[in-house]
Amino acid sequence: MSNVNFKATTAPSDFIRDIVAAHVAEGKYHQIHTRFPPEPNGYLHIGHAKSIYLNFGIAREFGGICNLRMDDTNPTKEDVEYVESIEEDVEWLISGWAIDKYGLKPRGKTPEPRTIGGKPDFYLPAVVGKNHREASLEPFYASDYFDQIYEYALTLVKKGLAYVCDLSPEDTDAYRGAPDRSGKDSPFRNRPVEESLDLFTRMKQGEFPDGKRTLRAKIDMASPNIWMRDPVLYRIRHTEHHHTSDKWCIYPMYDFAHCLSDYIEGITHSICTLEFEVHKPLYDWILENLGLPRPLPHQYEFARLNLGYTVMSKRKLMQLVKEQHVSGWDDPRMPTICGLRRRGVTAEALRAFTYNIGITKYNSITDAAVLEHAIREDLNKRALRRLAVLRPLKVVITNYPEDKIEELDAVNNPEDPESGTRKVPFTRDLYIETDDFMETPPPKFFRLRPGGEVRLKYAYIIKCDEVVKDSSGKIVELRCTADLESRTGGPTANRKVKGTIHWVSAPHALDAQARLYDRLFTVPEPDASGDFKKFLNPNSLEVLTVKCEPELKDAKPALHYQFERLAYFALDPDSQLSASNPKLIFNRTITLRDTWAKESQKR
RNA sequence: UGUCCGGUGGUGUAAUGGUAGCACAAGAGUCUUUGGAGCUCUUUGUCAUGGUUCGAAUCCAUGCCGGACAGCCA
């Protein structure tokens with residue numbers, strides 16, 4: 001990669017960072033500790049990137065740590081496929097930026113019991129600053145705390161703050177009431193502590209089938225907050241767990257496991273999305289009623305990302321994959337991290353994007369143009385310029401010798417002088433873009449026309465003398481003459497010609513596949529109402545065989561390219577890079593801004 | 001008609017009682033061997049009504065509008 005100097009992005013400011021900054025100023029915590037806690041039931045998407053950059057950003061800006069934790073309390077939906085993809089994506093997103101704040105733990109380690117001021121405690125510290133790829137380290141798992149969470153459940157039961165309930169799922173629903181209607185006490189609510197203890201133990205031992213009983217917190221069935229109406233803490237699930245195997249048949253609910261996981265890891269700021277706001281009283285209730293000896297974590301909520309022209313829910317993304325509307329989670333049209341990566345979007349662009357949209361509690365839909373702008377800005381600085389013709393039209397320079405080959409100098413990246421130049425071969429037979437010629441052009445068309453002149457980038461000014469058509473009237477070839485003095489540095493090189501177009505020498509042209517992606521959906525809010533799939537864009541992928549300048553035979557997967565005047569491209573992993581017979585596949589990351597397209601649409 | 005949380009140009013986001021700013025989008029111009037990039041300029045906004053104050057986007061009250069919550073999902 002070239003050593004482009006990216007301007008240092010100043011640290012953003014938002015209401016959560018303001019809170020953290022105040023806590024740092026007053027010395028409230030020994031060290032700031034955040035966490036990113038995905039459930040491994042799907043692939044990470046750009047909305048997760050917003051959360052990752054918030055949590056790791058805070059760790060980075062305030063000298064803290066951010067743990068990666070698998071929030072894996074529901075074995076029926078989770079899978080190792082997802083935990084592996086999550087690790088890969090998180091690492092890619094924070095690599096070279098906050099990787100030194102990445103909180104992991106020794107593989108297989110679980111919280112150790114200890115005593116603080118006479119009180120029992122469980123704590124699992126993070127390891128940072130080591131090579132995150134070390135096999136000896138792994139992410140945190142909520143499921144690693146099942147023993148401790150079970151202990152805490154026992155404590156609540158003994159305190160008379162939790163009970164085993166025999167209500168069926170249907171009855172539990174009915175007893176809960178509704179937002180505007182008070183709930184009703186379970187008939188098992190005042191079951192003796194000893195009996196609950198016995199039943200809970202037997203639940204753990206597998207004596208009862210799924211759904212038969214639950215452990216519930218004893219709070220207030222009349223609470224205006226539904227989550228305080230004796231919420232279920234544990235349910236029975238005779239299911240193998242991807243991380244704990246068959247050790248458990250009872251699993252803690254999110255609300256019970258999450259606050260305790262935060263506590264066990266010493267999290268100070270537990271940042272989540274708005275829909276958990278109504279759970280906060282429960283989060284606090286659990287921690288406050290356990291007599292915990294260390295400072296308690298606190299929950300803060302922000303608005304999740306909504307992006308125009310796409311869907312963000314894991315359920316819907318899963319549906320697109322399963323029903324094969326896309327080629328997989330990493331299809332370049334997907335808003336997933338792996339999809340964006342495959343498409344050629346960089347982590348830096350995603351970071352700039354998330355910085356630009358900010359953090360608030362207002363539920364908004366971000367214009368897709370904001371993301372596109374961040375991608376273009378990033379790629380403009382780093383992409384290597386190359387000449388490639390997407391839809392070739394043959395051009396013959398009739399006054400140019402048949403066997404002559406010139407090696408012309410071409411700039412690799414005008415934004416980065418250090419990227420240097422390369423040679424591009426020029427011959428009599430060329431390809432230009434079909435769109436760069438019009439037989440009867442509209443006003444303001446600056447490209448080639450019959451009898452008109454245009455400059456070939458890095459080469460000559462040519463004039464179109466003759467349009468050759470086949471029997472159906474289709475244009476198959478242009479016969480042109482070049483101003484042989486007009487090459488770069490030549491006597492007439494500075495002649496004013498309105499248009500400059502790209503080209504490729506036909507005998508030297510390299511065939512490659514180009515995959516042109518467009519928005520996955522045709523409307524800004526595909527999931528606003530009804531079936532989002534009816535808004536799928538039927539033209540979201542177009543596959544072309546294109547003509548590339550020979551330099552591209554050495555294209556590198558890690559690099560980004562701009563096919564001049566067209567778009568940014570990146571090599572797809574499906575490419576075969578054998579030196580003798582490479583099979584190149586380029587994904588179009590994003591088009592260049594096209595003011596001519598806008599101009600021509602006006603009419 | 002319960003509880004909680006919100007409401008600033010088209011979109012998103014600042015201003016923490018003191019000149020409503022920035023980005024994207026849109027428009028105009030300039031430059032250009034990328035109709036790219038850059039540079040310059042322009043249009044458009046504090047949900048409403050009262051109140052407190054020398055002064056309110058900001059504080060208070062009322063109303064209006066929007067979102068979240070009734071999984072043994074997270």
Side-chain angles (χ1 to χ4, degrees), chain A residues 12-15 18 37-39 41 71-74 76-78 165 167-169 172-174 176-183 210-216 223-229 231-237 250-251 253-255 257-258 272-281 301 303 308 314 355-374 376-377 380-381 385 387 411 414-415 444-447 455-459 461 486 488 493-494 497-502 524 562-568 591-600:
Chain A
S13 159
D14 53 66
F15 76 97
D18 290 348
E39 184 189 15
N41 67 346
D71 205 355
D72 54 353
T73 56
N74 184 0
T76 62
K77 293 188 173 176
E78 299 154 6
C165 180
L167 247 27
S168 69
T172 308
D173 278 352
R176 185 161 31 234
D180 57 351
R181 203 178 66 239
S182 176
D210 289 6
K212 186 68 181 172
R213 292 182 222 270
T214 56
L215 182 75
R216 294 229 257 161
S223 171
N225 183 332
I226 283 174
W227 294 100
M228 297 299 268
R229 320 242 262 229
V232 171
L233 264 24
Y234 264 93
R235 77 285 216 188
I236 301 170
R237 281 258 198 290
I250 55 171
Y251 292 93
M253 298 287 292
Y254 164 84
D255 287 294
H258 202 91
C272 60
T273 44
L274 251 27
E275 64 269 28
F276 294 103
E277 211 161 20
V278 280
H279 295 236
K280 183 152 58 183
E301 311 86 11
K314 278 197 242 180
Y355 276 21
N356 289 341
I357 60 176
I359 302 288
T360 66
K361 300 190 75 155
Y362 179 66
N363 225 313
S364 60
I365 299 171
T366 297
D367 194 330
V370 179
L371 206 214
E372 294 168 353
H373 175 261
R376 288 196 182 98
E377 196 173 48
N380 176 51
K381 285 180 287 191
R385 271 55 172 181
L387 299 180
V411 173
E415 303 293 318
K444 295 188 185 174
F445 182 82
F446 303 152
R447 285 111 94 146
R455 184 187 306 274
L456 296 177
K457 178 99 179 174
Y458 302 125
I461 294 169
S486 66
T488 308
N494 294 325
V497 177
K498 195 68 180 168
T500 300
I501 65 174
H502 59 280
Q562 183 199 102
F563 293 176
E564 292 219 37
R565 300 208 310 130
L566 297 170
Y568 295 100
T591 61
L592 254 33
R593 281 187 60 203
D594 188 348
T595 50
W596 165 244
K598 199 183 292 177
E599 176 69 31
S600 55

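All heavy atoms count here, side chains included; hydrogens, waters and symmetry mates do not. All of these numbers come straight from a predicted model, not from anything done at the bench. First the proteins, then the strands, lettered A, B, ... as listed; each starts at 1.
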**OP:** With pairs defined as Watson-Crick or G-U wobble and both distances under 3.5 angstrom, please note down RNA chain B as a dot-bracket string, | for pairing with another strand.
**Re:** .((((((..((((....[..)))).(((((.......)))))....(((((..]....))))))))))).....
Subject >> Separation of B/G35 P from A/L592 CG (nearest whole Å) >> reply: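 It works out to 9 Å between those atoms.
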**OP:** May I have the distance from A/D173 (atom CG) to B/C73 (atom P), rounded to whole angstrom?
**Re:**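 After rounding, the reported distance stands at 11 Å.
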Subject >> Nearest-Å distance once atom P is located in both B/U58 and B/U53 >> reply: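 Looking at atom P only, B/U58 and B/U53 are 16 Å apart.
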Original post:
Roughly how far apart, to the nearest Å, are B/U46 and B/G27 at atom C1'?
Top reply: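 These two C1' atoms come out 24 Å apart once rounded.
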Can you tabulate the close N/O pairs, meaning under 3.5 Å, that link protein atoms to atoms of nucleotides 15-22 of chain B?
unit_1	atom_1	unit_2	atom_2	d
B/U16	O4	A/D18	OD2	2.6

Original post:
So, do A/Y362 and B/G6 meet the stacking rule of ring centres under 5.5 Å and planes under 30°?
Top reply: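 It does not: the ring fails the test against the base of B/G6.
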**OP:** Answer yes or no for this row: A/W596 ring on B/G35 base, centroids under 5.5 Å, planes under 30°.
**Re:**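 According to the criterion (under 5.5 Å, under 30°), yes, A/W596 stacks.
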Answer with base, sugar-phosphate or nothing: what part of the nucleic acid does [X] contact at a heavy-atom distance below 4.0 Å?
X: A/I359; value: sugar-phosphate
X: A/Q562; value: base
X: A/P38; value: nothing
X: A/N356; value: nothing

Original post:
Does B/G71 sit syn or anti, given that only angles within 90° of 0 count as syn?
Top reply: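 Syn conformation here, the glycosidic angle of B/G71 being no more than 90° from 0.
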Subject >> Carboxylate-amine/guanidinium proximity below 4.0 Å for A/E301 and A/K280 >> reply: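 A/K280 and A/E301: salt-bridged.
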Subject >> Donor-acceptor pair present, A/E415 side chain and B/G36 base, under 3.5 Å >> reply: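 Pair found.
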Original post:
Any idea how A/H258 and A/Y254 line up, ring-wise: parallel (<30°), tilted (30 to 60°), or perpendicular (>60°)?
Top reply: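 A/H258 vs A/Y254 ring planes: tilted.
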Original post:
Do A/F563 and A/Y568 make the cut of ring centroids closer than 6.0 angstrom?
Top reply: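 They do not qualify: ring centres at least 6.0 Å apart.
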Original post:
What about A/W596 and A/F445, are their ring centers closer than 6.0 Å?
Top reply: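 Yes: the rings meet the under 6.0 Å criterion.
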